[in-house]
2 protein chains.
Amino acid sequence: MDLSALSFLRHIPLFAHCTDEERAELAAAAHELRVAKGTTLFRRGDPCEGMHVLVYGRVSIVVASKSGTEKVVELIQPGQSFGEAIMFLGGESYPVSAQTVEDALVLFLPASAIFAVLDRDPRFARRMLAGLSMRLHGLLRDVESYTLESASDRVVTYLLQQLGEAASGTVTLPVNKQLIASRLNLTPETFSRVLQRIVEQCDVVVSGREIHISDRVRLAELLKSA
Amino acid sequence: MDLSALSFLRHIPLFAHCTDEERAELAAAAHELRVAKGTTLFRRGDPCEGMHVLVYGRVSIVVASKSGTEKVVELIQPGQSFGEAIMFLGGESYPVSAQTVEDALVLFLPASAIFAVLDRDPRFARRMLAGLSMRLHGLLRDVESYTLESASDRVVTYLLQQLGEAASGTVTLPVNKQLIASRLNLTPETFSRVLQRIVEQCDVVVSGREIHISDRVRLAELLKSA
DNA sequence: GGATTTTCTTGATTTGCATCATTCCCGACG
DNA sequence: CGTCGGGAATGATGCAAATCAAGAAAATCC
């Protein structure tokens with residue numbers, strides 16, 4: 001158990017620059033969770049006693065309104081950590097729920113272990129601060145797109161972002177379209193229609209979760225019309 | 001200059017538990033900015049070389065879309081810090097702009113000074129992590145309300161939050177209604193109409209920026225109808 | 001391989017909020 | 001004192017996206 005956790009940690013950006021002893025210490029305290037698709041790792045209101053790191057699989061972070069509707073606020077990819085922020089607040093319970101979208105391997109790191117390393121290694125503290133800052137930055141971008149971009153702008157922005165720097169290429173949606181739609185704060189219906197419009201106007205081809213973009217610039221044109 | 005900065009820092013939560021030497025060190029490096037209402041402290045794209053702390057006055061953090069519309073993402077109150085997150089990312093430029101809404105006094109703390117203290121005091125690192133986490137939590141709540149609450153729910157939620165625990169009382173809007181509306185992601189017109197409906201249905205009285213709420217529960221009722 | 005469930009698409013209709021356009025209010029200031 | 005100007009209220013209209021309602025297409029299961 002600890003052995004594999006140890007080797008995983010080495011490949012997680014947040015822990016990549018830790019010393020071997022630090023990683024060993026963390027690995028010793030870690031719990032490996034091998035969980036099936038659809039498992040809830042924690043739900044809103046649960047006490048938070050540590051942080052999670054996703055090794056493989058996908059995890060969705062969702063908020064639920066009292067009217068029952070759920071919304072994906074974040075899709076966690078392998079290598080990403082989640083739940084740190086609540087841990088640092090101390091004594092707070094989770095404001096969101098986390099569930100696996102596929103079979104997954106998750107490491108759970110107890111708060112005590114993290115704090116122990118944190119107190120003794122300022123470089124780890126810096127990395128942690130940078131990690132939280134990046135998360136914050138991401139959420140800010142989300143707020144920005146939710147509040148002042150239109151539905152189709154959000155889809156285009158998302159595709160361009162997934163495409164990265166490349167002028168053309170194929171974007172593979174990490175999860176099914178419903179979840180992507182929720183992540184972009186639109187209904188599956190709207191997402192479908194927007195995608196269709198993009199296909200018509202920007203010679204983009206969609207087959208299943210694969211989206212082939214032949215010209216990045218052509219796609220970006222759609223944003224200008226605003 | 002340094003003398004007053006020193007005494008200010010003692011009253012800022014983030015620095016309240018620092019040692020006197022640490023605060024002295026920070027104060028020595030700090031710049032005091034006394035700025036008039038309407039001053040831009042930084043704008044999107046500017047390089048980030050440190051963090052800001054608001055001593056008095058109000059500061060609005062805004063994002064701007066390419067179509068020219070601006071949106072308030074956060075209203076900074078005295079005692080709050082802002083701009084740390086970008087500092088920790090290192091070498092990034094601001095994704096938002098900050099401007100004063102009233103005459104204000106702002107402390108600017110260069111990154112080097114913060115990092116110096118950070119590297120030597122793990123307790124300060126923890127406080128900083130907690131601070132960022134709280135910010136993150138706040139943004140998450142914003143995302144939640146933008147995406148799954150209606151306009152009137154957002155207003156009610158805001159009022160209840162400002163009211164705090166009290167069963168009744170007066171909420172004073174920190175800035176004018178246009179900015180509050182923007183902060184809640186609605187137009188001034190809609191804000192006005194929603195307020196009016198609240199006045200009619202929940203015996204709430206509005207006079208200028210003062211909002212008298214006679215019964216918290218009565219106000220909260222409006223949320224249930226969803 | 002066919003049946004059943006889930007996911008995705010497509011169409012018709014509704015609606016909440018923005019937008020546009022006035023008007024009203026109140027403090028500032030000559 | 002009047003008038004000017006930004007902030008706020010109110011009314012009429014438009015529109016983007018949600019909702020409702022079926023189908024079509026995949027994926028999953030026996």
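Each chain gets a letter, A, B and so on, in the order its sequence line appears, and its residues count up from 1. Because the structure is a prediction, the values reported are computed rather than measured.
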Given atom [atom1] of [X] and atom [atom2] of [N], what is their separation to the nearest angstrom?
{"X": "A:Asn185", "N": "C:dC17", "atom1": "CG", "atom2": "P", "result": "13 Å"}
{"X": "A:Lys37", "N": "D:dC29", "atom1": "NZ", "atom2": "C1'", "result": "13 Å"}
{"X": "B:Phe191", "N": "D:dT10", "atom1": "CZ", "atom2": "P", "result": "14 Å"}
{"X": "A:Leu195", "N": "C:dT9", "atom1": "CG", "atom2": "P", "result": "7 Å"}
{"X": "A:Leu184", "N": "D:dA18", "atom1": "CG", "atom2": "C1'", "result": "16 Å"}
{"X": "B:Arg154", "N": "C:dG16", "atom1": "CZ", "atom2": "P", "result": "13 Å"}
{"X": "A:Leu186", "N": "D:dT19", "atom1": "CG", "atom2": "P", "result": "12 Å"}
{"X": "A:Arg197", "N": "C:dT9", "atom1": "CZ", "atom2": "C1'", "result": "17 Å"}

- prompt: Are A:Asp103 and A:Arg34 within salt-bridge range, i.e. N to O under 4.0 Å?
  reply: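 Here A:Asp103 does not pair with A:Arg34 in a salt bridge, since their nearest N and O are not under 4.0 Å apart.
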
Please answer whether the main-chain N or O of [Y] pairs with a side-chain N or O of [X] as donor and acceptor at a distance below 3.5 Å.
{"X": "A:Arg44", "Y": "A:Ala64", "answer": "yes"}
{"X": "A:Ser60", "Y": "A:Leu75", "answer": "no"}
{"X": "A:Ser133", "Y": "A:Leu129", "answer": "yes"}

- prompt: Relative to the 5' end of DNA chain D, which residue comes earlier, A:Ser152 or A:Gly208, by the nucleotide with the nearest heavy atom?
  reply: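 That would be A:Ser152.
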
message: Applying side chain to side chain donor-acceptor pair (under 3.5 Å) to A:Asn185 and B:Thr147, what does each step give before you reach the verdict?
response: CA-CA 7 Å; A:Asn185 197 34; B:Thr147 58; 4.6 Å; no

- prompt: So, for A:Phe42 and A:Tyr94, is the gap between ring centers shorter than 6.0 Å?
  reply: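 Centroid distance A:Phe42-A:Tyr94: below 6.0 Å, so yes.
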
- prompt: Checking only heavy atoms, does the side chain of B:Arg193 share a donor-acceptor pair with the base of D:dG11 at less than 3.5 Å?
  reply: yes

field: Close approaches to DNA chain D from residues 173-183 of chain A, in residue order (heavy atom, under 4.0 Å)
entry: none

I want to check one thing: is the phosphate of [N], taken as OP1 and OP2, less than 4.0 Å away from some side-chain N or O of [X]?
{"X": "A:Ser150", "N": "D:dA16", "result": "no"}
{"X": "A:Gln196", "N": "C:dT9", "result": "no"}
{"X": "B:Thr187", "N": "C:dA18", "result": "yes"}
{"X": "B:Thr190", "N": "C:dC17", "result": "no"}

query: In terms of side-chain heavy atoms of A:Glu189, which of C:dT19, D:dT10, C:dT9 is nearest?
result: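 Of all the options, the side chain of A:Glu189 is nearest to C:dT9.
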
query: So, for A:Leu54 and A:Ile12, which heavy atoms are closest and what is the spacing to 0.1 Å?
result: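 Shortest heavy-atom contact: O-CD1, 4.3 Å.
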
